[in-house]
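Some notes on the structure that comes next.
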Amino acid sequence: MEFFKQKVSYEGSESRNPYAFKHYNPDQKVAGKTMREWLPFSMSWWHTLSSGGRDPFGVETADRPWNGLDAMKASEMRVEAGFEFMEKLGVDYFCFHDRDVAPEAKTLKESNSNLDHIVDIIAEKMKATNKKLLWGTACLFTNPIYMHGASTSPYADVFAMACAQTKKALDVTHKLGGLSYVFWGGREGYETLLNTNMKKEQDNLAYFLKMAVEYKEKIGFKGKFLIEPKPKEPTKHQYDFDVASCLEFLRKYNLEKHFAINVEVNHATLAGHTVHHEINFARINDMWGSMDINFGDALLGWDTDQFPTNIYDASLIMYELMKQGGFTNGGLNFDAKVRRPSFTMDDLLASYIAGMDTLAWGLKVASIMIEDGYFDKNIDSRYSSYNSGIGAKISSKQVSLESLEEYALTLESIKFESGRQEVLEAELNQFIWKATK
Ligand code: XLS
Ligand code: NI
Ligand code: NI
C-alpha cells in the first residue's frame, strides 16, 4: 500500500508546487555543512500518525487509512505510513511516546507486550531505511490514573506506575538507539494549593528523575536526558514553567549535569517569552539540547502546535542554532499538527514541507547574518565601555563598592549611544530579503 503520492524534491524558490521544497535543498552547503546536517528534522509520531484532529468540541476529522481498524493493526499500519512519510520527505529522525506507537491495554504487562511487538517492527524498518530515533518518552498524562499528576501524584501507587512506565520507555528508547530521552511533565503541576503539598511534589519529581538517571547509567544508555518546559496546560501551574525555572530546579537537586533542555516554541510563548529568549537563555547556560519546533497563534492563549511558517522567528532560531554550531544529541522535532479542517493525508506532507522550507530559509538568513556580523559588531560596540579604563577593571573583577564610589564621585557626565532597535529590526528584514536572492 502506498500512503503518499509523491517523493518530495527541491524545485527552488520560484516553484509553485505545494509538494516541492522551495528552500530546503538537503545537500546544499551553508557555512560549511549541508542543510541536512544543520537541520536534523524529526517526525512526531503523535501529531503525524496517531492523533486525528479531535478538539474539545468535536471528534476526529482526519481521513486516515487506519481509521476503524483494530488498534494493533492500526499501529502496524502507522509504522508503514510513518516510514514511507519520512522516506518521501527526506526526514531522518522521529520521536514518540510509548502510547503513540502501540495501544495501551488494561494492564501494564499487556501494554508492555503491545509496545514490544510494535517496537520490533520499528527496529526492522529502521534497519531497512536508515531512519533514526531522535528521542522517546513516556506518556504520563493520558491515562486517567495520572489525573492528579504522575511522579507528583499524591498517590504512591501512581508514582510507582509512572516509574515503571518510564523504565520501559527508557528500555525501548535504548534498544532503538535514541539520541535522547525527553521528560515533559504532562501533569506535573497543580490547580490549587488548597489541596497540594508543593514541596513534597517537587521532591518526588526530583527523586523520580534521579532514579531515571541511575537506571540510564545502569543500562548504558548514552543518549541525553532532556527536560521540556511548559508553563501551563494541562495544569494551571506546571512545575517546569520555562528554561529558567527548569535550571533552578535541576541545580537545586544536583541534576543539571545529566540534563539539557528541549525548548518548544509554543511553550516559550505561553510562558510569556519569545522563543529567542528561551533558546538564548538555554544556550548561554550550555543547556540547549534540542528543539520542539512549532508556532503558536499570537491571538490564542493555548498550545496550538502549528507548523512553523513564520520566517522572522525561524531566522532568529536558526541564528541561535548556528551560533551553537548545531545540535549534538538534538534535532528539530515537528511537535506540530495540521489544523482540524486540513484532514487529508496530503495535508500532512504539505505542512511538513511548509515547516521544513521555513526553517531552511531561516538557516540561509542566519548564515548571512553571521557572515555579515552586523548584529555581533553592534553588540560588541554597545558593551565596549567594559574593554578599557574602569570598565576593564570591572570586567576583570578588580573593583569594590568603595573603589567604584571613589570613581563615580569624579564623574561629570556619562556617555550614551542610541539603542537603535528600529534600525536593527529593519536590518533583519533586509537579511530576510537577501536570503531569497
Ligand atoms: C505537549 C508536549 C509534548 C512533549 C512530549 O505540549 O509538547 O508533546 O513534546 O511529551
Ligand atoms: Ni513538545
Ligand atoms: Ni506542546
Side-chain angles (χ1 to χ4, degrees), residues 40-51 53-56 93-101 104 133-143 146 149-152 162 165-166 168-170 172-173 178-189 205 208-209 212 223-243 246 259-273 275 278-279 282 288-297 300-308 317 327 329-339 355:
F41 290 127
S42 160
M43 174 191 78
S44 63
W45 207 277
W46 54 105
H47 285 317
T48 313
L49 303 168
S50 310
S51 70
R54 194 167 49 181
D55 77 3
Y93 298 90
F94 61 99
C95 296
F96 62 73
H97 301 80
D98 48 2
R99 302 302 177 238
D100 315 323
V101 292
E104 182 151 33
L133 177 63
L134 183 65
W135 50 259
T137 188
C139 173
L140 304 180
F141 43 90
T142 301
N143 190 313
Y146 297 124
S151 71
T152 64
Q165 213 182 304
T166 300
K168 182 69 184 172
L170 274 167
V172 304
T173 301
L179 290 190
S180 290
Y181 182 90
V182 160
F183 293 86
W184 169 58
R187 295 185 188 273
E188 315 295 33
L205 173 57
F208 158 70
L209 295 175
K224 191 85 195 165
F225 272 1
L226 301 171
I227 299 261
E228 181 178 321
K230 183 173 182 180
K232 55 190 165 194
E233 211 194 22
T235 61
K236 182 167 79 177
H237 191 111
Q238 303 258 138
Y239 294 132
D240 299 332
F241 188 92
D242 60 359
V243 174
C246 287
F259 287 84
I261 307 286
N262 183 37
V263 178
E264 178 165 324
V265 183
N266 205 169
H267 297 182
T269 45
L270 286 178
H273 300 306
V275 63
E278 286 293 82
I279 51 187
W288 186 23
S290 197
M291 187 95 199
D292 267 11
I293 192 83
N294 58 23
F295 275 75
D297 187 304
L300 301 176
W302 63 90
D303 200 12
T304 57
D305 286 342
Q306 284 161 244
F307 278 88
I317 293 168
F327 291 123
N329 282 59
L332 298 160
N333 172 47
F334 283 101
D335 197 348
K337 59 184 178 213
V338 289
R339 298 305 85 194

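In listed order, ligands and their atoms are each counted from 1. Any value given below was found using the heavy atoms of this structure, including those in side chains, with hydrogens, waters and symmetry copies removed. Start at 1 with the first residue, then count along the sequence. None of the values given here were measured: they were computed from a predicted structure.
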Going by chain and residue number, what protein N/O/S atoms come nearer than 2.8 Å to the Ni ion (ligand 3)?
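Protein N, O or S atoms closer than 2.8 Å to the Ni ion (ligand 3): E264 OE2, H267 NE2, D303 OD2.
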Quick one, list the residues around ligand 1 where some non-hydrogen atom comes in under 4.0 Å, by chain and residue number.
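Within 4.0 Å of ligand 1, protein side: W46, H97, W135, W184, E228, K230, E264, H267, D292, D303, D335.
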Taking only residues two or more places apart in sequence, or in another chain, which ones meet D240 in a side chain to side chain donor-acceptor pair (under 3.5 Å)?
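D240 satisfies side chain to side chain donor-acceptor pair (under 3.5 Å) with no residue once adjacent residues are dropped.
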Can you sort out the partners of W46 under side chain to side chain donor-acceptor pair (under 3.5 Å), two or more places apart, ordered by chain and number?
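Per chain and number, W46 pairs via side chain to side chain donor-acceptor pair (under 3.5 Å) with D335.
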Crowding at CZ, R54 (>12 non-hydrogen neighbours, <6.0 Å)
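It does not: R54 CZ has 12 such atoms or fewer within range.
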Can you say whether the rings of F225 and Y181 are parallel (under 30°), tilted (30 to 60°) or perpendicular (over 60°)?
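Ring orientation of F225 relative to Y181: tilted.
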Quick one: sort the Y239 and H237 rings into parallel, tilted or perpendicular, breaks at 30° and 60°.
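Judged by the thresholds at 30° and 60°, the geometry between Y239 and H237 is tilted.
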Test side-chain contact (heavy atoms from CB on, under 4.5 Å) applied to W135 and L179, step by step:
CA-CA 6 Å; W135 50 259; L179 290 190; over 6 Å; no
Can you tell me how far the CD1 atom of I261 sits from the OG atom of S290, to the nearest 0.5 Å?
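So the gap between those two atoms works out to 11.5 Å.
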Within the structure provided, determine whether W184 and T137 are in side-chain contact (heavy-atom separation under 4.5 Å).
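Side chain of W184 against side chain of T137, heavy atoms only: no contact under 4.5 Å found.
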State, to 0.1 Å, how close N266 and N294 come at their nearest heavy-atom pair, and which atoms those are.
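Closest approach of N266 to N294: N-OD1, 3.0 Å.
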